[in-house]
Amino acid sequence: MKAKNLYDKLWESHVVRKEEDGTTLLYIDRHLVHEVTSPQAFEGLRLAGRKPWRVDSVLAVADHNVPTLGREGGIQDPVSRLQVETLDANCSDFGIEEFRMDDARQGIVHVVGPEQGATLPGMTVVCGDSHTSTHGAFAALAFGIGTSEVEHVLATQCLLSKKSKSMLIRVEGELGMGVTAKDVALYIIGTIGTAGGTGHAIEFAGSAIRSLSMEGRMTLCNMAIEAGARAGMVAVDEKTIDYFRGRPFAPKGEFWDAACRDWNTLKSDEGAHFDATVEIDAKDIRPQVTWGTSPEMVVPVSGAVPDPSACADPVKRQGMEKALQYMGLTANQKIAEIPVDKVFIGSCTNSRIEDLRAAAKVAKGRHVAKSVKLAMVVPGSGLVKRQAEQEGLDKIFLEAGFEWREPGCSMCLAMNDDRLSPGERCASTSNRNFEGRQGPGGRTHLVSPALAAAAAVAGRFVDPEELS
Amino acid sequence: MKAFTHLDGLVVPLDRPNVDTDAIIPKQFLKSIRRSGFGPNLFDEWRYLDHGEPGMDNSKRPLNPDFVLNQPRFKGAQILLARENFGCGSSREHAPWALEDYGIRAIIAPSFADIFYNNCFKNGLLPIRLEAGIVDRLFGETASVEGYRLVVDLENQTVGLPSGGKIPFEVDAFRKKCLIEGLDDIGLTLIHKDEIRAYEAKRKLEAPWLFDGRNL
């Protein structure tokens with residue numbers, strides 16, 4: 001039998017039918033829905049007189065617009081409020097399960113799905129959100145879709161799609177002191193570029209990837225889209241299976257045993273073909289900081305802002321110059337000399353319990369620098385928040401001068417009130433440093449939770465290992 | 001969906017790589033629960049000198065005269081010429097909605113981000129991939145020739161130059177058919193509903209936990 005890679009296996013087990021040109025009707029097991037990309041899809045269903053094909057496959061949660069402060073007073077912005085109320089109304093009209101804003105299980109859709117066991121190995125998972133790639137950490141085929149496709153999946157339980165090429169990114173060796181999954185993700189994007197994975201589904205493999213926790217693997221797969229790949233994935237191992245034990249949506253009893261047997265096959269066969277392979281040595285990866293307006297514009301915290309004049313490609317050089325101008329930085333400036341105004345610890349990339357523990361470890365017994373206007377911690381879900389509070393992490397953050405907020409997407413994309421003012425510079429654990437992403441004129445530097453906490457304490461970028 | 005067959009359109013050049021969907025339509029406009037009306041806020045942060053919010057009268061806002069869409073010679077453009085990795089980032093379909101609402105019907109670039117590329121076809125918008133060298137030449141010609149137009153022929157998969165030359169491009173057969181005929185994907189898929197049911201029945205036996213695991 002021909003050796004198959006993980007992506008082949010996941011794809012083939014979901015093919016309903018295939019057209020001559022390769023266009024495939026692909027079955028979708030889990031559909032996650034949030035308030036921003038779904039209203040027009042529900043409206044489309046209504047206009048056509050259609051109903052959802054399988055409501056039990058859908059789980060909804062509002063995350064982008066929800067406030068992280070003063071939630072008991074409801075959403076103040078009427079436009080945001082209408083969008084969340086529209087989701088509530090659509091879910092109750094169509095009989096879809098939703099975790100509403102006052103539910104302890106509410107949070108960022110990509111944190112909530114795995115946390116509930118609504119994402120399982122071997123599933124196809126979609127959501128009208130590009131960071132759906134996160135769920136690939138569990139050997140699921142997970143990718144973001146547009147609103148027309150949200151409607152298509154609601155109406156048919158399928159997507160029309162064509163198989164992507166496959167890419168293997170193998171990271172071998174031991175990760176150095178203080179090097180996290182976020183640094184691995186940023187290093188990979190810096191290496192292959194933001195379009196490096198375009199047209200591909202990426203499997204992350206190698207000893208350094210296996211050594212990551214499930215939280216770390218989620219951080220890595222989350223940023224596959226920042227490397228251009230709609231889907232990123234990691235093979236099943238014992239950590240994957242252990243993660244789901246006892247989760248509310250996970251199978252129980254004899255079904256659990258049968259599921260485990262199936263899940264254990266979710267890995268690439270020996271000698272399986274990949275259309276592209278990238279080899280990375282773990283020891284080359286240092287804690288990373290982005291300097292520009294694309295996640296590929298990244299250097300180690302010990303490094304300096306690159307010089308565009310040294311870049312041979314004129315299109316790229318122009319892009320670098322525009323980025324430096326926007327970011328208010330100059331060529332060859334040391335990263336460690338860049339001061340920060342605000343610090344954001346949160347987002348679907350880095351808001352899980354492990355991330356909060358890493359940040360708290362740095363914050364413990366220290367204090368946010370006077371020059372820092374705001375340092376905020378936004379847990380990924382109500383359950384992450386509760387767990388962190390049981391561990392006393394909230395106290396560590398509060399004593400250190402951080403704000404401790406309610407769960408949501410928050411300042412990753414600033415659709416709620418959490419945002420940067422023009423010119424403000426932020427150390428952020430989120431995933432995109434695009435112009436205006438965290439607020440018009442705002443300047444974003446992507447970092448790991450430990451580095452973000454260290455930047456809050458020092459008032460500038462610094463390797464946490466070097467903090468006195 | 002609006003059908004797309006043939007387009008003879010004015011070209012507007014947007015000369016920067018990695019144009020992301022946050023730039024195409026900033027997040028504050030994503031709070032709308034409608035599918036239309038995004039055109040005036042296309043490239044909002046580059047196009048206007050002030051900060052835009054939903055509900056503002058865009059006709060009264062100060063335009064950025066340096067931004068290419070605001071230059072009189074590109075008024076009414078229907079073809080956007082762009083650089084590599086156009087449409088990267090967020091999956092928001094509001095990006096093609098904004099482009100379409102503005103009047104853009106085709107985008108030419110060396111490469112597109114996958115989700116954006118896919119979203120275009122659902123909205124009667126044709127993304128055309130051409131080699132970087134050819135795109136570079138088109139940028140040059142657009143800059144030097146006022147009123148530079150191209151002719152997109154989807155049936156024959158060519159981009160026609162003013163000189164009479166034709167550049168071929170690739171597009172999936174299925175996507176092409178849907179665009180030319182303006183077909184509704186969902187209706188097409190539901191023709192195969194028995195096959196979907198049959199697939200589900202088989203999977204329920206093989207992997208019952210994929211069907212509401214809580215109740216198992």
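Protein chains get the first letters and strands the later ones, always in sequence-line order, with residue 1 at the start of each. FYI, side chains are in, hydrogens and waters are out, and symmetry mates aren't considered; it's all heavy atoms of this structure.
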Over all atoms of both residues, closest heavy-atom pair of [X] and [Y]:
X: B:S91; Y: A:S130; answer: OG-N, 3.4 Å
X: B:I186; Y: A:A155; answer: CG2-CB, 3.7 Å
X: B:Y199; Y: A:S13; answer: OH-O, 2.6 Å
X: A:G146; Y: B:I115; answer: N-CG2, 4.4 Å
X: B:F211; Y: A:D56; answer: C-OD2, 4.0 Å
X: B:D114; Y: A:G199; answer: OD2-N, 2.8 Å

field: Any residue meeting side chain to side chain contact (heavy atoms under 4.5 Å, CB included) with B:V145, in chain and number order, not counting sequence neighbours
entry: B:Y148
As an exercise: rank [options] by heavy-atom pairs under 4.5 Å with chain A and give me the winner.
options: B:P54, B:S32, B:P26; value: B:S32
options: B:E84, B:E200, B:K202, B:R92; value: B:E200
options: B:L30, B:T21, B:N119, B:D136; value: B:L30
options: B:A207, B:G89, B:A132; value: B:G89
options: B:Q28, B:R203, B:R175, B:H94; value: B:R203

[X], part contacting chain A, at a heavy-atom distance under 4.5 Å:
X: B:D184; answer: side chain
X: B:D185; answer: both
X: B:F112; answer: backbone
X: B:A173; answer: both
X: B:S90; answer: both
X: B:E45; answer: side chain

[X] side chain vs [Y] backbone, donor-acceptor pair below 3.5 Å:
X: B:K27; Y: A:G436; value: yes
X: B:K193; Y: A:T156; value: no
X: A:D21; Y: B:F174; value: yes

Neighbour count >12 (heavy atoms, 6.0 Å) for atom CZ, B:R34: no
query: When you check the gap from the basic side-chain N to the acidic O, do A:R437 and B:D22 get nearer than 4.0 Å?
result: yes
field: Ion pair check, B:D172 and A:K162, cut-off under 4.0 Å
entry: yes
Hey, which of [options] has the most heavy atom pairs under 4.5 Å with chain B?
options: A:A258, A:P295, A:S164; result: A:A258
options: A:H14, A:Q116, A:E296; result: A:H14
options: A:T86, A:T147, A:I145, A:V315; result: A:T147
options: A:H131, A:E151, A:E43; result: A:E151
options: A:G253, A:G228, A:A414, A:S57; result: A:A414
options: A:E149, A:E19, A:E226; result: A:E149

So what's closer than 4.5 Å to chain B heavy atoms on [X]: side chain, backbone, both or neither?
X: A:R247; answer: neither
X: A:T23; answer: side chain
X: A:D77; answer: side chain

message: In the structure I gave you, are the side-chain heavy atoms of B:I33 and A:F42 within less than 4.5 Å of one another anywhere?
response: no
message: I want to check something: taking the side chain as every heavy atom from C-beta on, are A:R432 and B:D20 in contact at a cut-off of under 4.5 Å?
response: no
- request: Could you walk me through whether B:I196 and A:R17 pass side-chain contact (heavy atoms from CB on, under 4.5 Å), step by step?
  value: CA-CA 9 Å; B:I196 304 172; A:R17 74 175 267 128; over 6 Å; no
message: The criterion is salt bridge (charged side-chain N to carboxylate O under 4.0 Å, His left out); which residues satisfy it with A:K316, sequence neighbours excluded?
response: none
- prompt: Does a donor on one side chain and an acceptor on the other come within less than 3.5 Å for B:W97 and A:Q40?
  reply: no
message: Could you check whether A:T37 and B:E93, counting side-chain N and O atoms only, form a donor-acceptor pair closer than 3.5 Å?
response: no
message: Using 30° and 60° as the class boundaries, would you call the ring planes of A:W263 and B:W209 parallel, tilted or perpendicular?
response: perpendicular
